[in-house]
Student: 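Structure in structure tokens, see below.
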Amino acid sequence: MSIAATAARDLHTDLDATAIPGLTRAAGVGLLTVLLLLTLLFIVVAMRRLTAEYFERRRAVLIAQTRPSILQVLAGDGPDPESWARLSEVSAKVWRASEPGVVALLGKVRGGPREALVDLLNQRGTLARARRDLRSHSAIRRCRAVEMLGAAGDGGSVPVLLPLLADRQPEVRQVATRALGKIGDQAAAGPLLEAVAGPHPVPPREVSAAIVVLERAADAPVMLTASESSDSRVRSVAAEVLGLRGAMVAAEVLVHLLLHDESVEVRIRAARALGRLGVPMALKPLHASLTAPSPELRAVAARSLGQVGGRESVIALVGCMDDQAHRVCVNAAESLTALGDPGRQALRVIANGRSSRAAAYAVEALALDALGRRQLERVGI
């Protein structure tokens with residue numbers, strides 16, 4: 001007889017024998033049921049914990065069988081033949097226990113050891129199984145498969161990863177975007193750009209981060225999309241990427257977007273990109289943007305002028321110190337300090353003789369600039 005059944009029998013006998021005052025038979029049965037349920041719950045929890053501990057210990061034993069061979073594979077520029085042979089021949093049970101650790105190492109090693117791990121995953125069928133899991137009904141399995149293929153840098157998986165940019169689950173779309181960036185194949189640039197405007201869009205920030213790390217040849221489709229796409233989201237991402245990639249040949253395209261694009265967001269991204277490029281041809285378009293209706297565009301243009309430089313920008317930035325938008329004034333003051341002595345002299349004039357609002361921004365910028373220069377002097381720069 002089980003412990004739970006014995007306890008129930010003893011409790012039932014005790015209830016009948018003692019006849020607790022005020023405790024009806026129905027209440028006693030209810031109390032007995034509660035105690036039985038609590039006992040069963042305790043037994044289930046204990047068994048689950050013991051089972052989990054057993055399997056964890058068993059898994060540790062299995063992993064220990066492959067750990068020395070894996071370390072030997074990672075120790076040199078190429079895999080040790082004996083270690084490679086041992087890892088290739090371990091049983092399916094041992095490999096299933098060791099596989100997550102091998103996959104986790106992909107993001108921590110480079111060169112020959114990493115290539116050896118990828119070859120091992122290929123040989124053991126891990127990557128092939130991950131490609132099959134891309135069609136799984138489970139979003140979790142699809143995400144895990146995408147992450148594995150991205151970590152492995154498996155260029156052959158790009159064609160099967162691209163459809164996942166339109167997956168019905170947003171988590172899968174974002175993981176696929178990051179995986180394509182890790183793989184770095186330039187063929188993914190166009191589909192990634194289109195993904196920001198599809199029926200199931202990917203966040204522009206994710207797309208920009210992925211395209212930036214693609215092969216350099218990916219700049220060509222980015223520029224083409226920037227100038228010809230009918231979707232403002234695509235144009236804005238393209239402009240952002242061109243600035244992040246430092247694509248100097250795209251300066252004319254960015255100037256055109258800044259001056260003529262109908263989308264304020266695209267114009268903001270183009271202004272930011274031109275600041276990163278630092279090309280002189282951006283000065284006049286940025287000066288014109290200082291009077292744009294959008295305070296966000298004015299603020300970005302003011303910051304970009306500090307990055308591009310040029311004495312002719314001093315007068316334009318001084319005119320922004322009375323702007324009604326706080327961020328425009330702050331950026332204009334910071335850019336004046338970045339323009340060197342002419343900009344600092346203009347800020348001193350503002351601090352001594354202009355309105356109290358503009359003077360406050362000027363004083364703050366001069367103080368921060370002086371503090372920054374003192375810190376650089378301490379470290380000998």
Side-chain angles (χ1 to χ4, degrees), residues 1-67 70 90-108 121 124-152 164-179 199-203 205-206:
M1 183 178 294
S2 68
I3 297 175
T6 302
R9 184 194 63 189
D10 293 343
L11 178 61
H12 190 273
T13 303
D14 292 343
L15 286 175
D16 289 342
T18 56
I20 300 175
L23 183 66
T24 64
R25 186 173 183 83
V29 171
L31 178 60
L32 174 62
T33 302
V34 171
L35 289 175
L36 281 173
L37 291 174
L38 289 175
T39 303
L40 290 173
L41 179 61
F42 172 78
I43 294 172
V44 170
V45 171
M47 291 300 296
R48 286 178 62 89
R49 180 172 296 177
L50 290 173
T51 302
E53 291 177 355
Y54 167 79
F55 281 111
E56 186 61 31
R57 288 195 298 269
R58 179 60 179 164
R59 181 171 173 271
V61 171
L62 295 175
I63 292 175
Q65 298 180 30
T66 60
R67 183 178 292 112
I70 293 174
V90 296
S91 66
K93 181 186 295 186
V94 174
W95 176 251
R96 281 197 300 270
S98 305
E99 183 182 82
V102 175
V103 173
L105 288 171
L106 289 173
K108 302 177 182 178
L121 292 172
R124 298 294 312 200
T126 301
L127 298 183
R129 187 173 66 252
R131 294 188 197 102
R132 291 194 299 270
D133 285 346
L134 295 178
R135 300 187 296 271
S136 171
H137 292 292
S138 169
I140 294 177
R141 292 186 67 179
R142 295 199 301 278
C143 281
R144 288 176 179 170
V146 170
E147 286 181 340
M148 183 181 299
L149 294 171
L164 294 179
L165 293 174
D167 194 273
R168 60 184 179 276
Q169 294 295 333
E171 295 84 2
V172 178
R173 298 196 297 271
Q174 293 187 35
V175 173
T177 301
R178 295 168 194 160
H200 302 294
V202 179
R205 182 186 298 271
E206 297 283 351

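FYI, the numbering just counts along the sequence from 1. All of these numbers come straight from a predicted model, not from anything done at the bench.
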Student: Could you state the interatomic distance from CZ (R48) to OG1 (T51), rounded to the nearest 0.5 Å?
Tutor: 8.5 Å

Student: Testing the basics here: between A130 and A145, what is the closest heavy-atom pair and its distance to 0.1 Å?
Tutor: O-CB, 3.1 Å

Student: Heavy atoms only: give me the nearest A139-Q169 pair and the separation to one decimal.
Tutor: CB-CG, 3.7 Å

Student: For R131, which residues count as a salt bridge (charged side-chain N to carboxylate O under 4.0 Å, His left out) partner, sequence neighbours excluded?
Tutor: D154

Student: Tell me whether the count of non-hydrogen atoms from other residues, nucleotides or ligands lying under 6.0 Å of CG in L37 goes above 12.
Tutor: yes

Student: For V202 versus L165, what's the shortest heavy-atom pair and its separation?
Tutor: CG2-O, 3.7 Å

Student: For a quick test of reading the model, state the closest non-hydrogen atom pair linking V146 to A176 and the distance between them.
Tutor: CG1-CA, 3.5 Å

Student: Could you tell me which residues satisfy salt bridge (charged side-chain N to carboxylate O under 4.0 Å, His left out) with R141, sequence neighbours excluded, listed by chain and number?
Tutor: D133

Student: Roughly how far, to the nearest 0.5 Å, is the OG1 atom of T33 from the CG atom of L38?
Tutor: 11.0 Å

Student: What's the shortest heavy-atom distance between V175 and C143, and which atoms?
Tutor: CG1-O, 3.8 Å

Student: Once you round to the nearest 0.5 Å, how far does CG of L41 lie from CG of L36?
Tutor: 12.5 Å

Student: Considering residues at least two apart in sequence or located in another chain, which fulfil the side-chain contact (heavy atoms from CB on, under 4.5 Å) criterion with P203?
Tutor: Q174, E206

Student: Which pair of non-hydrogen atoms, one from L134 and one from R142, has the smallest distance, and what is that distance?
Tutor: O-CD, 3.3 Å

Student: Nearest 0.5 Å, what's the CZ-CG distance between R129 and L121?
Tutor: 9.5 Å

Student: Should D167 and H200 count as side-chain neighbours, where that means a heavy-atom distance under 4.5 Å?
Tutor: no

